[in-house]
Amino acid sequence: MLTEQREKIKEIVTESQVYKSIFRRGFEDTTKNRVLAIFGNVFLHLHPPYVKRHALKFTHSWCMGGITFLLFLVLCFTGVFLCFYYHPDKINAYRDMKYFEYDVPFGVVLRNMHRWAAHLMVITVWLHMTRVFMTGSYKPPREFNWVVGVFLLVLTLLLSFTGYLLTDDQLGFWAVTVGTNMARATPLLGHEGPFGEQLGVTAYNDIRFALLGGSVVGGNALLRAYVWHCVAMPVTAILFLAVHFWRTRKDGGTAGPL
Amino acid sequence: MWHNIFKIASKPDNIPIVGMLLLVFFFWFLSFWAAFKNDRIRRAAAGKPRPEGGKSKGDVVDVIDFMYPEEEQGLPKKVSCWPHLVKLEFICAIAVMALLMFWSIPIDAPLEEPSDSTLTPNPSKAPWYFLGLQDMLVYFDPWIAGVLLPTFIIVGLMVIPYVDVNPKGNGYYTFAERPFAILVYWFGFFVLWVLEIVIGTFCRGPGWMFFWPGQEWDPHRVVAEVNINWNEFLANISGITALKSETAGLLLGIVTILAYFGLGMAVPYLWLRRQESSIIYRLGLIRYCVVGFFFWTMMTLPIKIVLRLMFSIKYILVTPWFNI
Ligand code: HEM
């Protein structure tokens with residue numbers, strides 16, 4: 001009796017227009033449904049329908065690419081919440097950090113998570129690269145995906161670096177000062193670099209000025225770092241990630257022995 | 001002694017470094033273990049008939065057929081992604097999220113005093129993942145350490161797939177089939193990148209002076225600056241004082257650098273030709289030169305470290321515009 005009713009409810013639900021418009025497959029464990037589960041889902045379809053069995057082993061891929069991507073998602077998620085409270089100007093930036101610490105519900109955990117996920121992502125990107133190198137997975141036909149990966153590596157480091165300034169405390173301020181001081185020395189484009197002086201480059205028109213929006217790390221630098229960190233670079237990273245995953249799939253999934 | 005090390009390591013922003021070291025060691029071990037295991041399996045399998053269903057292409061033995069225990073060999077090589085892969089990803093995601101939670105609750109992200117451009121901390125350090133670059137400033141001028149070499153690192157990484165013409169080791173762990181590639185990678189990644197970060201974090205104190213781990217950071221320590229340039233060094237050991245002049249410095253510097261890259265590329269080339277190695281033909285001249293250039297550029301760092309530490313040599317080439 002009860003089972004009968006349950007079956008009936010199930011039928012009403014799964015046959016309804018709403019349900020069918022969302023889920024386009026049944027639940028029976030058939031090969032067709034397994035493939036549809038991947039193809040019918042915009043997120044899962046980044047996967048190929050089939051994977052090589054050895055690639056499932058932890059000892060093969062270390063799950064590192066996936067972990068890196070997960071951390072990227074965590075960063076986007078926590079980042080959005082941080083953005084709700086943060087003002088990128090010299091007066092408010094540091095106060096907002098204190099605000100997170102004492103006022104914002106779960107503010108401390110939010111900030112901590114964003115920070116530690118960022119550090120962890122830097123590490124996992126290096127490890128992912130190491131694993132790709134060690135399995136020789138950059139060899140044909142995957143050369144281009146390795147190059148896309150190098151762009152992602154650089155983006156990850158730069159995302160982390162621009163985020164460092166946003167707290168506007170001594171740690172971030174001096175780290176970014178030290179980092180951007182190197183840009184002074186760019187050959188031709190920096191005012192202390194080789195041939196910079198001869199080309200009329202000064203502290204007020206060199207590449208460091210362009211990065212900081214000024215000759216010192218000040219309010220403009222904070223705003224630029226903020227825009228790079230919260231808009232420009234995440235969007236770029238997402239574009240490269242889309243290509244990266246797409247290519248991984250098109251190149252036959254995670255590389256295996258021939 | 002341990003006090004100072006612990007003080008640095010337990011700074012919240014340095015905890016990742018400790019974690020990174022453990023992870024790097026772990027995965028180093030794991031990948032070499034897998035590589036040696038595959039090499040052993042392939043050596044044992046050489047000459048033996050392949051298991052049922054196995055195939056091989058050219059001289060690349062299909063290791064995969066040998067990688068699985070007997071009872072698994074009959075199973076299909078591919079499995080459906082749903083649920084097999086998605087399930088693992090889900091488990092992995094939960095584990096990482098749990099780790100991140102446990103890390104984020106007790107350990108607070110650092111927040112120091114408000115920024116103040118008049119209060120320079122000593123030492124002022126870049127974020128930890130850039131400390132390798134910052135430490136290179138000791139050995140190279142900023143335009144090389146901060147601009148040129150980072151660019152070369154990025155471009156050098158990008159050219160790897162195009163200059164590695166070894167068809168073996170595509171998609172599985174192996175050491176025996178590509179020892180050169182793997183040794184160079186680990187030298188660059190571990191010795192030059194990771195160890196430089198460790199030195200930058202633990203051994204660089206006030207004034208960017210070198211302190212052994214555990215040594216108290218004494219900002220008043222005086223280190224005599226006795227660094228000399230390459231031509232002065234040659235003048236000292238040969239006794240020819242004429243070498244000390246500026247022109248001699250310029251000429252000697254140019255000759256040394258040209259000889260370094262020239263010999264560095266020519267000697268292995270001739271040696272490989274004499275060995276009648278097929279590598280040289282597969283590479284072709286352009287690829288060979290690209291590999292040589294990036295390899296020897298990378299090696300300038302350890303060489304300059306040794307020259308500085310053992311002979312106090314500062315610059316190889318001194319010009320009015322830049323020094324190398
Ligand atoms: C934001 C950073 C990155 C993310 C999120 C990411 C993600 C991924 C994922 C999920 C895969 C699938 C296989 C796996 O998990 O190992 C993959 C494969 C791959 N990645 Fe990345 N990756 C990143 C950076 C890099 C970097 C820095 C490199 C190399 C310089 C790289 C090179 C590759 C290559 C060549 C493959 C194909 C591997 C194969 O077929 O076995 N990726 N990546």
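Each chain gets a letter, A, B and so on, in the order the sequences are listed, and its residues count up from 1. All values below were derived from every heavy atom in this structure, side-chain atoms included, with hydrogens, water molecules and symmetry-related copies excluded.
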- Checking heavy atoms, do the side chain of A:Glu192, its backbone, both or neither come under 4.5 Å from chain B? neither
- Would you please classify the geometry between the A:Trp62 ring and the B:Tyr173 ring as parallel, tilted or perpendicular, with 30° and 60° separating the classes? parallel
- Task: Check step by step if side-chain contact (heavy atoms from CB on, under 4.5 Å) holds for A:Thr130 and B:Trp186.
- Result: CA-CA 9 Å; A:Thr130 303; B:Trp186 280 94; 3.5 Å; yes
- Query: Which one of B:Gly19, B:Ser80, B:Ala126, B:Gly146 has the most heavy-atom pairs closer than 4.5 Å to chain A?
  - Reply: B:Ser80
- Would you call the rings of B:Trp128 and A:Trp126 parallel, tilted or perpendicular, where under 30° means parallel and over 60° means perpendicular? perpendicular
- Task: Heavy-atom distances under 4.5 Å only: say whether A:Leu127 touches chain B with side chain, backbone, both or neither.
- Result: side chain
- Working for side-chain contact (heavy atoms from CB on, under 4.5 Å), residues A:Phe100 and B:Leu111: CA-CA 11 Å; A:Phe100 279 122; B:Leu111 187 67; over 6 Å; no
- Task: Let me know if B:Glu113 has heavy atoms under 4.5 Å from chain A in its side chain, its backbone, both or neither.
- Result: both
- Structural part of A:Leu73 lying under 4.5 Å from a heavy atom of chain B: neither
- Choice from B:Thr319, B:Leu157, B:Val165 maximising heavy atom contacts with chain A below 4.5 Å: B:Leu157
- Message: Heavy-atom cut-off 4.5 Å, strictly under: side chain, backbone, both or neither for A:Trp146 against chain B?
- Response: side chain
- Query: Taking the inter-plane angle between the rings of A:Trp116 and B:Trp103 on a 0 to 90° scale, is it parallel (under 30°), tilted (30 to 60°) or perpendicular (over 60°)?
  - Reply: parallel
- Message: Between A:Met129 and chain B, with a heavy-atom cut-off of 4.5 Å, which part of the residue counts as in contact: side chain, backbone, both or neither?
- Response: both
- Message: Out of the candidates A:Asp168, A:Thr177, A:Asp169, only one should pair with B:Ser115 under the side-chain hydrogen bond (donor to acceptor under 3.5 Å, both in side chains) rule; please name it.
- Response: A:Asp168
- Which bit of A:Val122 is near chain B, if near means a heavy-atom gap under 4.5 Å: side chain, backbone, both or neither? side chain
- Item | Proximal component of B:Asp13, with respect to chain A [non-hydrogen, under 4.5 Å] | both
